[in-house]
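So the structure is just underneath, and the comments pick up after that.
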Amino acid sequence: MKILIKGAHVLQPDYSTGVADIAVTDDVITAVGEVPADFAADYIIDGKDRFAVPGLVNAHTHASMTLLRSYADDMELMDWLNNRIWPVEAKMVENDIRMGARLALVEMIKGGTTAYADMYGPCMEAVAEETLSAGVRGILSRGLIGFAPTAMKSLAENVELYRNYHGAGDGLITIMLGVHAPYTCPPEFCREAAKVSAEHGINVHIHMSETQAEIQQIQEQYGKRPFQYIEETGLFDRPSIAAHCVWLDDADIAMMKEKSIAPVHNPGSNMKLASGVSPVPKLLESGVQVALGTDGASSNNNLDMLEEIRLAAMLHKVHELNPLAVPAAEALKMGTEYGAKALLLDRTGRLQAGWKADIVLYDMNRPEWCPRHDLVSLLVYSANSSSADTVLCNGKVLMEKGELKTLDEEKVLFEANACAMDLISRG
């Protein structure tokens with residue numbers, strides 16, 4: 001399939017912008033700018049008054065938690081988890097997981113997200129199937145609570161998920177090992193998970209240093225900070241993504257550089273749960289590329305990556321009292337290129353020849369896009385996700401002119417709401 005996007009304003013790899021055509025052959029961008037004269041497009045997309053950027057990358061979320069959006073708000077993290085979220089999650093069955101994922105996929109595509117890293121479970125096979133059907137990139141892991149009676153069974157399920165789905169859908173699906181957090185995974189479980197990670201070559205997705213209470217708990221239990229605790233179990237011997245990373249010291253940051261641990265900043269969730277502010281400017285200055293994630297829709301409460309990009313640019317300015325702390329272009333990189341690198345997505349996160357055709361066109365025929373002094377600034381500080389007009393992932397059109405092509409939006413919203421109400425009502 002050959003697709004030609006004509007006359008769009010294109011975000012170049014150096015973050016300059018200019019009007020250009022984009023040629024796509026199958027799953028790859030074959031030209032940006034001068035399109036070969038013999039390029040015969042099977043399908044043409046009018047890019048006039050559209051801003052073309054790489055697909056957004058949500059590097060940490062819990063997709064099926066969309067069913068719990070607005071269910072439990074304005075609470076402290078551990079109270080929220082122990083007394084509201086975990087009890088209702090224990091009632092979830094496969095259809096709940098499936099419907100929650102389907103709702104999340106509608107929301108993400110509508111906002112311009114083409115790749116997401118999800119930690120949830122059980123029944124992550126259903127999430128993989130829904131992701132393949134929707135046509136986006138899913139970096140999936142089965143969430144593992146190490147102190148649960150079923151911990152080893154869940155670990156085996158994660159391995160089985162890897163065997164059955166890693167690389168599925170022409171590489172759309174990647175499977176990681178979802179070790180939940182230091183405070184839910186004791187040393188013996190972490191060491192066993194590290195063995196599994198090494199044996200099967202499965203990279204790790206984990207929550208790290210989210211709250212001050214977590215730091216205190218791990219220090220009291222093990223006499224060391226969370227990063228040192230996890231590193232000594234061997235879990236960081238493979239490339240890892242570490243969600244939150246709010247309370248870091250210099251030794252933590254040095255370890256992240258040494259061990260290829262990619263931090264995933266979740267500004268919306270961290271603000272709402274009052275977890276704190278991740279030292280993102282310091283991480284960036286240290287040469288650590290920071291990815292962005294929404295976290296789950298029950299602690300954010302949306303999966304709007306463009307909002308996370310804006311929050312990343314704004315939060316650190318006021319926290320550091322420095323308007324240059326995270327510029328617009330850097331925040332956008334965190335939500336695209338840096339996220340793709342953190343998830344080890346090959347040739348993803350830029351619009352250039354030879355890279356994957358994950359492309360979002362934002363409609364600039366809207367008042368918040370006028371006047372057009374600086375398109376990157378407008379996207380980050382002015383626009384909202386409803387500007388997303390057309391979305392391609394892996395060269396396939398998932399949405400055009402606001403209409404989803406792979407999902408029935410009206411049906412999904414109706415069924416997901418019914419599913420959520422049924423879930424809450426169960427005894």
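With a 6.0 Å radius and a threshold of 12 heavy atoms from other residues, nucleotides or ligands, Lys6 has its NZ atom at or below the threshold. More than 12 heavy atoms of other residues, nucleotides or ligands lie within 6.0 Å of CE in Met75, so this atom counts as buried by the packing criterion. Heavy atoms of other residues, nucleotides or ligands lying less than 6.0 angstrom from NZ of Lys48 number 12 at most. Environment of CG in Asp42: crowded, with over 12 heavy atoms of neighbouring residues, nucleotides or ligands closer than 6.0 Å. By the 6.0 Å contact criterion, CZ on Phe414 is open, its count of non-hydrogen atoms from other residues, nucleotides or ligands being 12 or less.
When side chains are defined from C-beta on, Lys282 counts as touching Asp250, because their heavy atoms get closer than 4.5 Å. Using a 4.5 Å heavy-atom threshold, the side chains of Val53 and Ile359 count as separate. Counting heavy atoms from C-beta outward, Met208 and Pro182 have side chains that approach closer than 4.5 Å. The shortest side-chain heavy-atom distance between Trp355 and Pro54 does not fall under the 4.5 Å cut-off. Residues Leu332 and Leu11 meet the side-chain proximity criterion, which asks for heavy atoms closer than 4.5 Å. Looking only at side-chain heavy atoms (C-beta outward), Leu81 and Met78 come within less than 4.5 Å of each other. Inter-residue side-chain proximity for Leu140 and Met124 is flagged as met; some heavy-atom pair is nearer than 4.5 Å. Counting only heavy atoms from C-beta outward, the side chains of Ile173 and Leu132 approach each other to under 4.5 Å.
With Asp96 as the partner, the salt bridge (Lys or Arg N to Asp or Glu O under 4.0 Å) test is satisfied by one option alone out of Arg426, Lys91, Arg102: Arg426. None of Lys272, His207, His62 except one satisfies the side chain to side chain donor-acceptor pair (under 3.5 Å) rule with Asp295; the exception is His62. For the pairing with Ile139, the side-chain contact (heavy atoms from CB on, under 4.5 Å) check across Leu345, Asp118, Ile175 returns one residue only, Leu345.
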* Give the intermediate values and the outcome of side-chain hydrogen bond (donor to acceptor under 3.5 Å, both in side chains) for residues Ser386 and Arg366. => CA-CA 10 Å; Ser386 64; Arg366 300 164 63 99; 2.7 Å; yes
* Chi angles and distances behind the side chain to side chain contact (heavy atoms under 4.5 Å, CB included) call for Ser298, Ile85 -> CA-CA 9 Å; Ser298 60; Ile85 298 301; 4.1 Å; yes
* To do: With side chain to side chain contact (heavy atoms under 4.5 Å, CB included) as the test, would you mind laying out the steps for Glu214 and Trp247 before giving the verdict?
  => CA-CA 9 Å; Glu214 174 190 337; Trp247 298 97; over 6 Å; no
* To do: Check the pair Leu172, Cys393 against side chain to side chain contact (heavy atoms under 4.5 Å, CB included), reporting the backbone distance first and the verdict last.
  => CA-CA 9 Å; Leu172 282 180; Cys393 181; 4.2 Å; yes
* ring pair (Phe, Tyr, Trp, His ring centres under 6.0 Å) between His205 and His180, intermediate numbers included -> CA-CA 8 Å; His205 184 171; His180 178 260; over 10 Å; no
* To do: Verify side-chain hydrogen bond (donor to acceptor under 3.5 Å, both in side chains) between Glu307 and Asn384, making sure each step is shown before the conclusion.
  => CA-CA 7 Å; Glu307 181 177 279; Asn384 56 65; over 6 Å; no
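A side-chain donor-acceptor contact under 3.5 Å links Asn58 to the backbone of Thr294. The main-chain N or O of Asn394 is found under 3.5 Å from a side-chain atom of Asp358 such that the two form a donor-acceptor pair. Checked by atom type and distance alone, the side chain of Asn266 pairs as donor or acceptor with a backbone atom of Gly293 at under 3.5 Å. The backbone N or O of Gly296 lies less than 3.5 Å from no partner atom in the side chain of Asn300, so there is not a single donor-acceptor pair. With hydrogens and angles ignored, the 3.5 Å screen pairs a side-chain donor or acceptor of Thr66 with a backbone N or O of Gly100. Put simply, the side chain of Thr406 gets close to the backbone of Ala134: a donor and an acceptor are under 3.5 Å apart. Under a 3.5 Å cut-off, the side chain of Ser278 and the backbone N or O of Cys245 do form a donor-acceptor pair. Judged purely by atom type and a 3.5 angstrom limit, Trp80 uses its side chain to pair as donor or acceptor with the backbone of Ala72. The main-chain N or O of Ser209 is never found under 3.5 Å from a side-chain atom of Thr211 such that the two would form a donor-acceptor pair. With hydrogens and angles disregarded, no donor-acceptor distance shorter than 3.5 Å links the side chain of Glu76 to the backbone of Leu273.
Atoms CG and CD1, from Asp249 and Ile215 in turn, are 8.0 Å apart once rounded to the nearest 0.5 Å. Of the inter-residue distances, the one linking Asp346 atom CG with Lys341 atom NZ reads 12.0 Å to the nearest 0.5 angstrom. The distance from atom OG of Ser240 to atom CE of Met256, rounded to the nearest 0.5 Å, is 10.0 Å. Glu368 CD to Leu378 CG: the interatomic distance, rounded to the nearest 0.5 Å, is 9.0 Å. Taking CG of Leu292 as the start and NZ of Lys333 as the end, the distance is 13.5 Å to the nearest 0.5 Å.
Residue Leu4 comes nearest to Ala41 through the heavy atom pair CB-CB, 3.7 Å, listed as atom of the first residue, atom of the second, then distance. In plain terms, the two heavy atoms of Thr131 and Tyr116 that are nearest each other are OG1-OH, 2.6 Å. Scanning all heavy atoms of the two residues, the minimum distance from Ser197 to Ile202 falls at OG-O, 2.6 Å. Listed here is the closest heavy atom pair of Leu177 and Ala193: CD2-O, 3.4 Å. Of all heavy-atom pairs spanning Glu157 and Pro122, the tightest one is OE1-CB, 4.3 Å.
Legend: residues meeting side chain to side chain donor-acceptor pair (under 3.5 Å) with Gln12, ordered by chain and number and at least two apart, are absent. Here Tyr162 pairs with His166 under the ring-ring contact (aromatic ring centres under 6.0 Å, His included) rule; sequence neighbours left out. In terms of the side chain to side chain donor-acceptor pair (under 3.5 Å) criterion, residue partners of Glu129 (sequence neighbours excluded) are, by chain and number, Arg98, Tyr165. Residues satisfying the ring-ring contact (aromatic ring centres under 6.0 Å, His included) test with Phe236, not counting sequence neighbours, are Phe227. In terms of the ring-ring contact (aromatic ring centres under 6.0 Å, His included) criterion, residue partners of His265 (sequence neighbours excluded) are, by chain and number, His316.
For Lys2 and Tyr43, the positive end is not near the middle of the six-membered ring at less than 6.0 Å and at most 45° from its axis. Taking the centre and axis of the six-membered ring of Tyr71, the NZ or CZ atom of Arg84 falls inside the cone set by 45° and 6.0 Å.
No hydrogens or angles considered: nothing links the side chains of Asp363 and Ser387 as a donor-acceptor pair under 3.5 Å. Side-chain polar atoms of Asn301 and Arg69 form no donor-acceptor pair below 3.5 angstrom.
Screening residues 384-402 for salt bridge (Lys or Arg N to Asp or Glu O under 4.0 Å), with sequence neighbours left out, gives Arg50-Asp389.
In this structure, His244 and His60 have perpendicular ring planes: the angle between them is above 60°, well past the 30° mark.
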